[in-house]
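It should be emphasised that the depicted structure is a prediction, and the values quoted were computed from it without experimental measurement. Side chains included, hydrogens not; waters and symmetry mates left out as well; all remaining heavy atoms used.
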Amino acid sequence: MKEGATYNVDFESEMTEIVPRTGRVAATYSPAAAVDNPKYYSHFTLSKLDNGVLRLQNYDEDTTTWVSLLKTGQAMQAGIMCWSPELALQAGLCWRGWLRST
């Protein structure tokens, strides 16, 4: 606000709440002998594409797994999500899967 500026305010008009669209992100996984329930950060991560920049989604490192986050799906704000399996990256496969929630 500039000092001395006048602003018109309408206190009688209704306010409308902007609710972001949400979608559901889920992934299938076939348990392997070495990893039966992949852990977030150790085995996979999710990033959201935000204005051209991938932003890592933060979850509790001790309790977040494939079962708790992706087996039945997780509601998230609509957008493009990048699933990055860390085991594949460590093996040099550098594969990324894109999940779109709408």
Side-chain angles (χ1 to χ4, degrees):
M1 295 179 107
K2 291 184 178 181
E3 190 174 321
T6 302
Y7 297 92
N8 294 325
V9 179
D10 183 356
F11 290 106
E12 298 194 16
S13 67
E14 288 187 37
M15 301 250 326
T16 57
E17 182 180 353
I18 298 173
V19 179
R21 291 176 32 188
T22 59
R24 192 158 204 80
V25 176
T28 57
Y29 175 74
S30 297
V35 180
D36 64 336
N37 185 17
K39 295 181 179 181
Y40 197 72
Y41 296 114
S42 297
H43 301 113
F44 72 97
T45 56
L46 288 174
S47 295
K48 181 175 182 178
L49 188 60
D50 182 21
N51 293 323
V53 177
L54 285 172
R55 306 226 185 259
L56 180 65
Q57 302 300 287
N58 296 313
Y59 294 98
D60 184 272
E61 185 172 5
D62 296 323
T63 61
T64 306
T65 65
W66 167 74
V67 169
S68 68
L69 185 64
L70 297 174
K71 184 176 182 179
T72 59
Q74 180 73 25
M76 295 184 184
Q77 187 174 345
I80 297 176
M81 299 297 293
C82 174
W83 174 69
S84 176
E86 300 306 320
L87 290 177
L89 293 175
Q90 291 171 11
L93 300 176
C94 296
W95 183 87
R96 294 191 191 283
W98 295 93
L99 304 170
R100 181 183 294 273
S101 58
T102 55

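- Of the inter-residue distances, the one linking Q74 atom CD with S68 atom OG reads 8.0 Å to the nearest 0.5 angstrom.
- Nearest heavy-atom pair across G73 and A26 is CA-CB, 3.6 Å.
- Here the shortest heavy-atom pairing between Q57 and Y41 reads O-OH, 4.0 Å.
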M76 and L46: CA distance, side-chain angles, deciding distance, side-chain contact (heavy atoms from CB on, under 4.5 Å) verdict:
CA-CA 11 Å; M76 295 184 184; L46 288 174; 3.5 Å; yes
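- Taking both residues in full, the closest heavy atoms of A27 and W66 are given as O-NE1, 2.8 Å, listed atom of the first, atom of the second, then distance.
- Contact detail for L56 and Y40: the closest heavy-atom pair is CD1-OH, 3.8 Å.
- Annotation for P31 and D36: closest pair CB-O, 3.7 Å, computed over non-hydrogen atoms.
- Here CZ of F44 is found 5.0 Å from CG of L69. Values are rounded to the nearest 0.5 Å.
- The side-chain hydrogen bond (donor to acceptor under 3.5 Å, both in side chains) check on N37 picks up T65, with sequence neighbours excluded.
- Qualifying side chain to side chain contact (heavy atoms under 4.5 Å, CB included) partners for D60, counting only residues two or more places apart in sequence or in other chains: D62, T63, T64.
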